[in-house]
Number of protein chains: 2
Amino acid sequence: MNMPEVEPISRESTAAIIARQLREAIMTGALQPGDQLGEAELAARFQVSRGPLREAMQRLVSEGLLRSERHRGLFVIELEPGDIYDIYAARAAIERAALIRIIRSDPAGAGARLREVLAEMAGAAGDGDSSAMSRADLRFHEELVALSGSRRLARMASTLLIETRMCLAALQRTDHSPADRVAEHTAIVEAVEAGDEQRALELLEAHMEDAITRLAPGTSLYSAPPQVPDDGVDITG
Amino acid sequence: MNMPEVEPISRESTAAIIARQLREAIMTGALQPGDQLGEAELAARFQVSRGPLREAMQRLVSEGLLRSERHRGLFVIELEPGDIYDIYAARAAIERAALIRIIRSDPAGAGARLREVLAEMAGAAGDGDSSAMSRADLRFHEELVALSGSRRLARMASTLLIETRMCLAALQRTDHSPADRVAEHTAIVEAVEAGDEQRALELLEAHMEDAITRLAPGTSLYSAPPQVPDDGVDITG
DNA sequence: GTTCGTATGATTGTCAACAATCCGCGCGCC
DNA sequence: GGCGCGCGGATTGTTGACAATCATACGAAC
């Protein structure tokens, strides 16, 4: 028969669909940090009742994208200075692991896939389309962790990349030239294709270091966290 | 006045409380891999209606602990051979980052805290209490990421440690001697206290490598993933 | 003028009922 | 006997209503 993967209609739960749209809204800035998510209004917008909406929101709470205050509501998290550092340090750890797995399994194939995104990025750079540039940048790192073949790395990176976009939207970053950005990513891919693990890791770390330095001057990857110790593990309401 | 941190009664949402208990149940094996979570039964057990219970379960879905099949129910994930490798590789990445942050910020203070857990572990080893031993082992790694001061590393590690316990429960592991286990952890702490980052990282990696070798002989950290590529990013129902 | 208390509107938390879907079983048919 | 069909029970998905809590505005007392 050879019917490839005919997954039936809507195998996705309603909560999953709404959750995805909420993430999208947070990433694009339609929902801004600190914003309260009014249940009635959102439910009306999604054309569902409050039940499924609340289920979807709970997903984002456990991902750390929303903060829950009992009897008060759910709010988009606000990124403090320490969070910038935290996000990039976590990303560095995840993507480093992804890179290692890629280089030790199928660096050639991965290189080819990454070059597609690179081409897209170069196109955006040429057009001076900074929005497309950001999208390509995001996709590059998504692809990187996806190519690692690790479900868990991919899931964790997914959340971190959303938070990265929040950072970029919140802070007025001092972009370097699009050409440099393309070059940085290209260098990583070249190292991957060459199978030069050491160099690829160094380039990735420098890439992250570079980003965090622009966003939060003074702090550095793996530096002492300026954030308050908080009282132990977070509760996530 | 100096009234420190008087958080009012029950700042935690019901969903958060139930979610925590569900995680506990999965970790201890009260809920086994593949088990379906019947809503009616669980709701009755928790003395709540299905609403809050479903919200809690959605949290675990987004954490990857539960798998959702529409109109069929929610199931505890089943760990395939490739997952063992995946879990430990992810843990290695996270804990590596935590270790670096600790050593570059407050290695002495962290060392002291870790030694407390070490003492606990040694006590369990002396008593031959393998259950307490496992608990101390878990706590060691929890403490490690907590001491990093990174909310995100801590959250990600939390889920991974639950999955680790699931692995250990599922597979009949070939334990090495409790004394060796204590020694391995102690060596890491010593390297931390000495500020020897390189050595601490090597020891941690060896610790992970050792664990994965025992659980899934033949595979190795960062080796090629034997798991199917799946069709892209997971959906989490 | 400030502060406390209260009333009121809005929002969240919870529940029980209804609709839709799935599973297992028996029946009829080939 | 094997296969398709349909039915009944059980479970999940969704909804609207009710209870509890919070925020705000207003007024009284000091």
Side-chain angles (χ1 to χ4, degrees), chain A residues 1 3 6-22 25-26 31-62 65-78 235-237, chain B residues 1 3 6-22 25-26 31-62 65-78 235-237:
Chain A
M1 296 241 294
M3 285 182 58
V6 169
E7 289 287 348
I9 335 281
S10 83
R11 68 199 191 290
E12 248 182 320
S13 74
T14 309
I17 297 170
I18 297 177
R20 179 149 34 79
Q21 299 203 33
L22 287 176
I26 292 176
L31 285 172
Q32 296 245 335
D35 277 1
Q36 178 169 6
L37 281 72
E39 296 184 0
E41 181 196 333
L42 273 178
R45 194 189 303 261
F46 284 121
Q47 306 237 30
V48 294
S49 69
R50 285 171 49 218
L53 173 66
R54 284 172 61 93
E55 292 176 13
M57 295 195 297
Q58 290 299 320
R59 288 199 180 199
L60 299 215
V61 169
S62 89
L65 259 24
L66 296 182
R67 167 176 52 89
S68 164
E69 289 186 27
R70 187 159 225 224
H71 292 135
R72 297 205 358 122
L74 292 161
F75 304 82
V76 179
I77 57 162
E78 294 172 273
I235 298 297
T236 67
Chain B
M1 297 242 293
M3 286 181 58
V6 170
E7 289 288 347
I9 336 280
S10 83
R11 68 202 191 289
E12 248 182 321
S13 73
T14 308
I17 297 170
I18 296 178
R20 178 149 36 79
Q21 300 204 33
L22 287 176
I26 292 176
L31 286 172
Q32 296 244 336
D35 277 1
Q36 178 168 7
L37 281 72
E39 296 184 359
E41 181 197 332
L42 273 178
R45 193 187 305 259
F46 284 122
Q47 306 237 29
V48 293
S49 70
R50 286 170 50 219
L53 173 66
R54 284 173 60 94
E55 291 176 13
M57 294 195 299
Q58 290 299 320
R59 289 198 179 199
L60 299 216
V61 170
S62 88
L65 259 26
L66 296 181
R67 167 176 53 88
S68 163
E69 289 186 26
R70 189 160 225 229
H71 292 135
R72 297 204 359 120
L74 293 160
F75 304 81
V76 179
I77 56 161
E78 294 172 273
I235 298 299
T236 66

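Note on naming: letters A, B, ... go to the chains in the order of the sequence lines (proteins, then strands), and numbering restarts at 1 for each one. Being a predicted model, the structure only gives us computed values, none of them experimental.
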Per-nucleotide protein contact along nucleotides 9-21 of chain D, 5' to 3', at a 4.0 Å heavy-atom cut-off (B base, S sugar-phosphate only, - neither), is ---BBBB-B---S
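- Applying the side chain to side chain donor-acceptor pair (under 3.5 Å) rule to A:S13 yields no partners; only residues at least two apart in sequence or on another chain are considered.
- Between the CD1 atom of B:I18 and the CE atom of B:M57 there is a distance of 9.5 Å, given to the nearest 0.5 Å.
- With values rounded to the nearest 0.5 angstrom, A:L37 atom CG is found 6.5 Å from A:I26 atom CD1.
- Scored by the side chain to side chain donor-acceptor pair (under 3.5 Å) test, A:R67 finds A:E69 as partners (sequence neighbours excluded).
- Atom CG in A:L65 sits 5.5 Å away from atom CG in A:L60 (nearest 0.5 Å).
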